[in-house]
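Got a structure here, written out as structure tokens. Questions coming.
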Amino acid sequence: MSGDGRASEGGEEEVRGARRIPGPRGAVDDLDLESVPRPLLPPPGPAAPDEAVPEQSAAEPPGAAAPERAGPEPSGPEDSGPEDAGPRDPGPEDAGPEQADPEDAGPAQAGPAQAGPAQAGPEQLAPHPFAPHPATPDQATPEPLMTSAPGTGLSHRVLQALLGAWALSACSAEETAAVEDHLTECAPCADEALRLRDAVGLLHTDGSLDLDPTLRSRVMDGCLGRRPARIPVPEHAAPYDAETARLDALLRDIGDSEWHAPVRLRWFEEEREVSRRTTVAGVIGHLTAVDGLLSAALGLDDPLGRGETPQDPIERTERYWSAAQRPPTRTVREPWRAQSHELIRTASFAGRNVAEASVSYGAFALPLQDALLDRAFECWVHGGDIADAVDYPYQAPAAAHLHRMIDLAARLLPAAVAGRRRAGLAGPAKELVTAGAPGRSVHLEIEGHGGGDWFIALDSPAALGSPERAVAQVALDGVEFCRLAAGHISPVEAAAGQEGDREAIRDVLFATASLSRL
């Protein structure tokens, strides 16, 4: 039994015939030393004077004879350091079995080849700092976690950590090339990269976050396509239904204070632009008052009350505003919305029976189907005025609805030109024709959203516009034409392509602006 409590095997405790006193025992002695890898040797070269370079050899079995020297024999004076000059005391390597002193044969004097597993000190048995931990019998050897991608020098774990930066295009050129090369070989990383790239795509959107203005009509069309309404909304009432719904969505989004935001209403009278200041709530009151003309035509309650009420839109608006005890607030929204619902419901139940019913505007009258288009146009225009006042995105109507609004304005233009001629604001008629006969015309070409071609009769409202008798052509964008008809831009500011009779073109552009009103 040795001093460290372990049995002697094959004379391991004997070094050249002398008993060896073991050095301090460290925790590393409990390991299976055969499984600990040996440290790497330094590159070949001249050794230090007092440094003995151990040989890289496998562990010798117990009882094997140890070599007499751990390092090479000095060959001359140039191989000896300052301490080697002169006579040298015999060390353990030179001593015979009887000359070796047990007390001097400590761990520091024993060469690597002489020290056995049980005799080595902790300084010589400490594992290499980068060597893997030895595997225990109960634990299987794990798979290597750090495998390098070929040709990049980056490990799989590093490349996997770079996937998020790669998806955000935040990698350097070298890292990007390494990641993309790795994705061609690693299927799990390729799947993860696709998921990250799709997620990044959701973070970068160039479109508006507001709902598509045609969403409601598309959803309603889809619903009605699956389950048609028992009483559908008539085609001539569909634009009014859509525009009142869009304006109501805007009003629901704004705060209480924004109902008092200033709004400037603009329109043209004769040759000049006029305007009126009000608030968001005042605009809704104006729409409620003018929509009352349609309510009266359908036998519904007039918002101005019973009795004799004015027919002119401006007079009705002034009376409605003056009847308010205090400045209107958001409380005006619910009566206006209830009125619009009632108009649509009544027109839907009546169907074509009331489509031709006359709606008086004081100075002129329109059939109900055209009056509903007129109110849809007015609702869109004033909805844009409110949106500008509260900084809210507001888009043009659906193309089919905008086309119907433009068509209504084009059909009103011959009468508007004749009215301006009677007032001395337009050129005289040059070729009078009988009613229904083709006459001089202006080709009105509307481009883009809701576009089309119309031919406007110049000399008589009863004449027929004809492409064969066209004397001029005017090209306008659809939304630009509607802004001109609403009095929001002047005729000289309209971006119009013009060709032909300049006087005829001027008469048509100014007549379009004269269609506007409060």
Side-chain angles (χ1 to χ4, degrees), residues 213-214 237-251 254 261-269 273-294 313-314 316-317 320 332-333 336-337 339-340 343 361 364 366 370-413 416 446 448-450 476-491 493-494 509 511-518:
T214 64
Y240 179 73
D241 182 27
E243 292 309 310
T244 53
R246 287 209 306 144
L247 178 56
D248 186 55
L250 185 157
L251 299 177
I254 64 177
V263 180
R264 181 177 293 275
L265 303 178
R266 295 173 294 168
W267 69 98
F268 264 79
E269 288 183 357
E273 181 182 358
V274 294
S275 62
R276 175 69 184 271
R277 289 181 63 88
T278 183
T279 63
V280 172
V283 174
I284 301 303
H286 161 63
L287 293 176
T288 302
V290 182
D291 284 353
L293 294 173
L294 281 69
I314 296 179
R316 289 180 64 86
T317 301
Y320 186 91
V332 300
R333 187 191 70 83
W336 165 78
R337 191 62 176 131
Q339 181 187 47
S340 63
L343 285 172
Y361 284 78
F364 63 95
L366 292 174
D370 288 343
L372 285 170
L373 279 174
D374 171 75
R375 300 315 303 150
F377 176 81
E378 195 86 359
C379 187
W380 165 46
V381 170
H382 290 319
D385 294 335
I386 295 173
D388 292 339
V390 300
D391 195 19
Y392 190 95
Y394 207 69
Q395 298 183 6
H401 295 169
L402 186 62
H403 180 84
R404 293 174 62 88
M405 297 176 192
I406 295 173
D407 178 73
L408 173 62
R411 288 188 282 114
L412 295 176
L413 279 179
I446 303 300
H449 203 55
L476 279 169
D477 176 75
V479 176
E480 190 81 359
F481 175 80
C482 290
R483 286 171 54 82
L484 177 62
H488 281 47
I489 57 174
S490 67
E493 296 174 347
L509 291 179
T512 303
S514 69
L515 296 177
S516 62
R517 61 180 184 275
L518 176 63

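Computed over heavy atoms, backbone and side chain alike; hydrogens, waters and symmetry mates excluded. All values derive from a computational prediction rather than experimental measurement.
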Quiz item: Is D385 close to V283 at the side-chain level, that is, under 4.5 Å between some pair of heavy atoms?
Solution: no
Quiz item: What heavy-atom pair brings G487 and S516 nearest, and what distance separates the two atoms?
Solution: N-CB, 3.5 Å
Quiz item: salt bridge (Lys or Arg N to Asp or Glu O under 4.0 Å) between D388 and R264: does it pass, once the steps are laid out?
Solution: CA-CA 10 Å; D388 292 339; R264 181 177 293 275; over 6 Å; no
Exercise. Working to the nearest 0.5 Å, report the span between NE2 of H382 and CD1 of I284.
Key: 9.5 Å
Exercise. With the side chain counted from C-beta on, respond yes when T278 and H286 share a heavy-atom pair under 4.5 Å apart, and no when they do not.
Key: no
Quiz prompt | Heavy-atom side-chain contact between I314 and R276 under 4.5 Å | solution = no
Self-check item: Residue pair P239 / L373: nearest heavy atoms and the distance that separates them
Solution: CG-CD2, 3.7 Å
Self-check item: Test log, rule side-chain contact (heavy atoms from CB on, under 4.5 Å), inputs L408 and L412
Solution: CA-CA 6 Å; L408 173 62; L412 295 176; 4.3 Å; yes
Practice problem: Fit a plane to each ring of F364 and Y361, take the angle between them on a 0 to 90° scale, and name the class: parallel (under 30°), tilted (30 to 60°) or perpendicular (over 60°). | Solution: parallel
Quiz item: Given side chains that start at C-beta, do those of L518 and V290 come closer than 4.5 Å, heavy atoms only?
Solution: no
Quiz item: Roughly how far apart are C379 SG and D291 CG, rounded to 0.5 Å?
Solution: 7.5 Å
Practice problem: Check E243 against W380 and note the closest heavy-atom contact, atom names and distance. | Solution: OE1-CB, 3.5 Å
Quiz item: Do T288 and V332 come within less than 4.5 Å of each other through their side chains, counting heavy atoms only?
Solution: no
Quiz item: Would you say F268 and S490 make side-chain contact, with heavy atoms under 4.5 Å?
Solution: yes
Quiz item: What heavy-atom pair brings R337 and T244 nearest, and what distance separates the two atoms?
Solution: NH1-OG1, 3.3 Å
Practice problem: Look only at the side chain of R316 and the backbone of A289, and say whether a donor-acceptor pair between them is shorter than 3.5 Å. | Solution: yes
Quiz item: Is there a donor-acceptor contact under 3.5 Å from the side chain of H403 to the main chain of G478?
Solution: no
Quiz item: Would you say L484 and L515 make side-chain contact, with heavy atoms under 4.5 Å?
Solution: no
Quiz item: Just how far is it from atom CD of E493 to atom NE2 of H488, taken to the nearest 0.5 Å?
Solution: 12.5 Å
Quiz item: Which atom pair, heavy atoms only, marks the closest approach of P397 to H449?
Solution: O-NE2, 2.7 Å
Quiz prompt | P491 and T512, any side-chain heavy atoms less than 4.5 Å apart | solution = no
Exercise. Show your working on side-chain contact (heavy atoms from CB on, under 4.5 Å) between R411 and D370 and close with a plain yes or no.
Key: CA-CA 10 Å; R411 288 188 282 114; D370 288 343; 3.2 Å; yes
Quiz item: Are any side-chain N or O atoms of R246 and backbone N or O atoms of Q395, one a donor and one an acceptor, separated by less than 3.5 Å?
Solution: yes
Exercise. Any chance you could measure L413, atom CG, to S514, atom OG, to the nearest 0.5 Å?
Key: 7.5 Å
Quiz item: To the nearest 0.5 Å, how far apart are CG in L247 and CH2 in W336?
Solution: 4.0 Å
Quiz item: If every non-hydrogen atom of L372 is compared with every non-hydrogen atom of Y240, which pair is closest and at what distance?
Solution: O-CB, 3.7 Å
Quiz item: For I386 and Y394, what are the C-alpha separation, side-chain angles and deciding distance, and is it a side-chain contact (heavy atoms from CB on, under 4.5 Å)?
Solution: CA-CA 9 Å; I386 295 173; Y394 207 69; over 6 Å; no
